[in-house]
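Contents: one structure, followed by commentary.
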Amino acid sequence: MDFRLTEDQRALRDGMRQLLRARFDREALRDTVDGAAVGSGAAAVDGAAVGGDAAGTALDSGLWRELGQAGLFALRAPQSAGGVGLGLPEAVLLFEEAGRALLPGPLVASHLAGSAGLVAGAEDGTAVVTAVEGTGPYGGPTPPVEHLAAADAVLVLDEGHTVRVLSPGELAARPMRSLDPLTPLHRVHGRRESDSPGARAAGGSGREQAVGAGVLLREAVLLTAALQLGSACRTLEMAVGYARQREQFGRPVGAFQAVQHLCAGMLVRSETARSVVYAAAVTVDEEEISAAKLLADTAAVGNARDCLQVHGGVGFTWEADVHLHLKRAWLRAEQWRTAVTSEERLASALLCPI
Amino acid sequence: MRLAYTEEEEEFRARLRTWLADVLPTLPPRPDPLDWQARRTYDMDWQRRLYDAGYAGLHWPKDAGGQGATPTQHLIFLEETEAAGAPYVGAGFVGLLHAGPTIAAEGSPRQRARWLPPILRGEEVWCQGFSEPDAGSDLARLRTRAVRDGDTYVVTGSKIWTSHAEVADWCELLVRTDPEAPRHHGITWLALPMDTPGVTVRPLRTLAGSHEFAEVFLDEVRVPVDNRVGAENDGWRVTMVTLSFERGTAFVGEVVACRRTLRLLARRARHNGRWDDAAVRRRLGRLNAEFSALWRLIQWNVSEAAHGLRQGGTGVPGAGGSVFKLRYSQARQELYDAAAAVLGPAALDLAEEWALERLSSLSYTIAAGTSQIQHNIVAERILGLPKGR
């Protein structure tokens with residue numbers, strides 16, 4: 001047993017961090033937010049349908065292709081198929097970095113499509129792929145679909161079924177006024193007639209894939225957990241950085257134990273989550289993946305809230321980045337296995353013989 | 001990121017399992033938990049069996065009589081012994097986990113030869129005289145005085161929270177030898193024979209009703225200078241050599257036990273109908289996630305420690321263990337609170353399984369550094385926040 005990052009894994013993670021620092025730094029993040037604020041506002045006003053200009057932020061297709069070239073989407077496709085040939089642990093490390101940087105876009109679905117070869121162009125970032133999540137055995141409402149307007153294809157992942165690929169036009173969906181300024185959301189009502197012109201134009205979608213949805217669902221849950229982990233680590237850094245520099249009563253607020261303990265609690269959350277997220281990437285065990293998502297959600301949401309608290313009044317402003325992390329964390333917590341589902345699964349697992 | 005064990009590690013596990021399967025049925029019946037002498041005898045008998053089988057001082061260096069096992073082998077040992085229901089280290093705790101390693105690291109050849117073998121063979125029990133009524137989390141405030149008189153120290157003061165004091169042969173004692181020096185610099189480490197005149201042990205009753213520790217009163221107790229490990233006034237450093245590094249293996253057995261308890265709890269809930277309550281199910285489900293994560297955190301910390309040792313270091317800094325301890329102590333309390341939720345009114349009956357553990361779990365956020373101190377350590381040493389106030 002040697003449960004640590006290998007040199008190669010470290011290098012891969014550092015490379016991704018550098019790429020994102022160069023291509024999606026804080027300035028780029030804030031520019032995207034400013035652009036999106038206008039877009040999503042318009043969508044709320046006229047309630048435009050899918051494909052309309054007002055349905056939300058357009059993704060930066062240049063950045064998306066760069067991510068594709070860097071191997072983010074084809075990471076796990078075999079080298080014989082033009083992929084990078086790496087595994088889930090490596091994917092988790094890259095998604096953790098994406099989560100840190102608050103990188104917008106349907107990263108999970110595009111990665112699944114690119115690595116499993118489900119949608120042509122997904123692997124190199126020339127096609128953007130989003131996904132619709134089935135309700136699963138524990139019921140509950142279907143979560144909204146993200147970045148529908150920017151997507152070229154939609155994966156339908158329903159537990160117990162095979163994967164289907166639709167064109168975005170085949171979904172009957174209405175835009176929501178998304179809580180997360182960087183993630184446009186649509187509420188899905190069902191499917192349109194499959195022989196509608198929109199569907200055919202998109203190239204014979206709706207085809208069944210030989211791949212079972214279960215495997216991809218598990219991976220989606222795990223990669224979302226990795227995004228949450230990255231966000232949790234980032235908000236911890238932000239809180240610590242601010243607590244060191246902000247002075248009140250003649251000393252940095254980070255010298256007050258009340259603030260210190262908030263920050264220490266954040267580290268406990270993120271490190272606990274990290275251990276199980278990384279382990280789940282190795283074992284790909286259903287139960288462990290639920291644990292990973294549950295604790296990563298808790299860490300991302302909890303850390304964002306505490307980070308906001310440490311920032312005081314500044315944390316409540318639009319200008320600070322904290323709210324972007326919190327909103328994304330809330331969204332991710334609703335996607336790909338909610339707390340209720342994870343907890344119920346983990347409870348049932350306790351009754352299974354070992 | 002490799003979670004699989006190597007062939008060598010699996011061989012170690014297999015050999016251990018075989019031995020446990022052979023030896024456990026031959027053990028005497030468990031002693032009455034209130035009978036300290038019987039507990040000592042039982043624990044020392046187990047230690048002797050470990051010694052004879054070559055498992056004593058597993059994590060001690062070979063030149064100290066230990067096995068020089070890797071942190072991963074130690075993890076496997078603790079996991080397997082707990083899973084098999086083997087006895088816990090018990091009265092051997094301080095000797096094997098702190099006093100012994102301290103003597104191994106800082107003692108003279110004569111001191112090592114005198115004190116280490118009886119610890120490994122299960123012949124002598126050690127207890128710890130660190131905390132005092134006025135020196136808890138702030139240990140460096142300790143005031144028990146030792147005044148040099150020829151070739152002895154004359155020690156006067158009192159110690160508290162001393163486990164196994166009633167049955168110990170030796171006490172690793174921290175005393176103040178220079179009251180004028182800065183607090184960390186006037187402390188000395190002594191080995192005190194517990195049968196020395198002037199030593200009085202008074203058991204302390206815990207809120208769980210049992211006597212798990214004692215107060216130790218020292219009234220002009222004479223300790224030979226030869227019993228000093230390290231230099232005079234260097235006792236703080238001597239103590240911290242062992243305390244501030246760890247191999248990530250503390251609580252391995254307990255986490256294994258907690259995970260088993262959780263499964264039993266789910267069955268009990270299923271049986272008594274509490275399982276129908278979604279809130280109870282979800283609570284147990286979340287605890288399942290927490291303890292899975294804690295197990296992985298142990299493996300992570302052990303891997304880090306093993307790596308550190310391979311690089312010639314001493315293990316992982318204790319600060320890394322603080323993260324684990326903070327979460328574990330809390331999770332353990334949550335586990336037994338969940339047990340009470342499953343038991344309902346039966347949790348008020350101390351004869352019920354888990355009712356007593358619920359009480360003893362309350363010490364976890366206090367013992368070995370309160371959660372508040374652990375938060376301070378994490379904030380200052382890991383996160384680099386300014387020194388708190």
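Atom CD of B/Gln311 has more than 12 heavy atoms from other residues, nucleotides or ligands within 6.0 Å. Around CZ of B/Arg270, the count of heavy atoms belonging to other residues, nucleotides or ligands within 6.0 Å does not exceed 12. For A/Gln309, the CD atom counts as loosely surrounded, since its 6.0 Å shell holds 12 or fewer non-hydrogen atoms of other residues, nucleotides or ligands. Heavy-atom contacts from other residues, nucleotides or ligands closer than 6.0 Å to CZ of A/Arg218 number more than 12. Annotation: B/Glu10, atom CD; neighbour count of heavy atoms from other residues, nucleotides and ligands within 6.0 Å is above 12.
Looking only at distances, a side-chain donor or acceptor of A/Gln260 sits under 3.5 Å from a matching main-chain atom of B/Pro386. The backbone N or O of B/Gly384 lies less than 3.5 Å from a partner atom in the side chain of A/Arg244, making a donor-acceptor pair.
Taking CG of A/Leu267 as the reference point, atom CZ of B/Arg327 lies at 13.0 Å (rounded to 0.5 Å). Going from atom CD1 of B/Ile373 over to atom CD of A/Gln257 covers 7.5 Å, rounded to the nearest 0.5 Å. Distance check, rounded to the nearest 0.5 Å: CZ of B/Arg310 to CG of A/Asp2 gives 5.0 Å. Atoms OG1 and CG, from A/Thr283 and B/Leu3 in turn, are 7.0 Å apart once rounded to the nearest 0.5 Å. Annotation: the span from B/Arg286 atom CZ to A/Ser290 atom OG amounts to 12.0 Å, rounded to 0.5 Å. To the nearest 0.5 Å, atom CE of residue A/Met1 and atom CZ of residue B/Arg2 are 8.5 Å apart.
Annotation for A/Cys352 and B/Arg267: closest pair O-NH2, 3.7 Å, computed over non-hydrogen atoms. Closest approach of A/Glu344 and B/Ala278 over heavy atoms only: OE2-CB, 4.2 Å.
With a threshold of 4.5 angstrom between heavy atoms, B/Arg281 approaches chain A through its backbone and through its side chain. Neither the backbone nor the side chain of B/Arg260 comes within less than 4.5 Å of any heavy atom of chain A. Heavy atoms of B/Leu264 lying under 4.5 Å from chain A are absent altogether. Of the two parts of B/Trp275, only the side chain, counted from C-beta on, holds a non-hydrogen atom closer than 4.5 Å to a non-hydrogen atom of chain A. With a 4.5 Å cut-off on non-hydrogen atoms, A/Leu295 touches chain B through its side chain but not through its backbone. For A/Ala339, the parts sitting under 4.5 Å from any heavy atom of chain B are the backbone and the side chain alike. For A/Leu236, the part lying near chain B is the side chain, with the backbone staying farther off; criterion is any non-hydrogen pair under 4.5 Å. In this structure, the portions of B/Gln299 lying under 4.5 Å from any heavy atom of chain A include both its backbone and its side chain. Proximity to chain B (any heavy atom under 4.5 Å) is restricted, for A/Glu287, to the side chain, taken from C-beta onward. Contacts between A/Ile289 and chain B at a heavy-atom distance below 4.5 Å are absent for every atom of the residue. With a 4.5 Å cut-off on non-hydrogen atoms, A/Ala349 touches chain B through its backbone and its side chain both. Contacts between A/Ser342 and chain B at a heavy-atom distance below 4.5 Å are absent for every atom of the residue.
Contacts with chain B were tallied for A/Glu271, A/Gln9, A/Met266, A/Arg269; A/Gln9 has the most, counting heavy-atom pairs under 4.5 Å. Of the listed residues (A/Ser275, A/Gly254, A/Gly265), the greatest number of heavy-atom pairs within a distance under 4.5 Å of chain B belongs to A/Ser275. Listed options B/Ala379, B/Ser292, B/Ala293 were ranked by heavy-atom pairs under 4.5 angstrom with chain A; first place goes to B/Ala293. Ranked by non-hydrogen atom pairs under 4.5 Å with chain A, the options B/Leu284, B/Leu297, B/Leu326 are led by B/Leu297.
The aromatic rings of B/Trp300 and A/Phe3 sit perpendicular, their planes meeting at an angle over 60°, well past the 30° parallel limit.
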In sequence, state the C-alpha distance, the side-chain angles, and the governing distance for A/Glu288 and B/Arg296, and then conclude on salt bridge (charged side-chain N to carboxylate O under 4.0 Å, His left out).
CA-CA 10 Å; A/Glu288 193 147 37; B/Arg296 296 310 189 186; 2.6 Å; yes
Chi angles and distances behind the side-chain contact (heavy atoms from CB on, under 4.5 Å) call for B/Met1, A/Thr6
CA-CA 7 Å; B/Met1 287 186 221; A/Thr6 63; over 6 Å; no
Could you walk me through whether B/Asn288 and A/Glu343 satisfy the side chain to side chain donor-acceptor pair (under 3.5 Å) test, starting with their C-alpha distance in whole Å, then the side-chain angles of each, then the deciding distance to 0.1 Å, before giving a yes or no?
CA-CA 8 Å; B/Asn288 188 7; A/Glu343 285 167 352; over 6 Å; no
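The closest side-chain heavy-atom distance from B/Leu287 to A/Leu346 is not below 4.5 Å.
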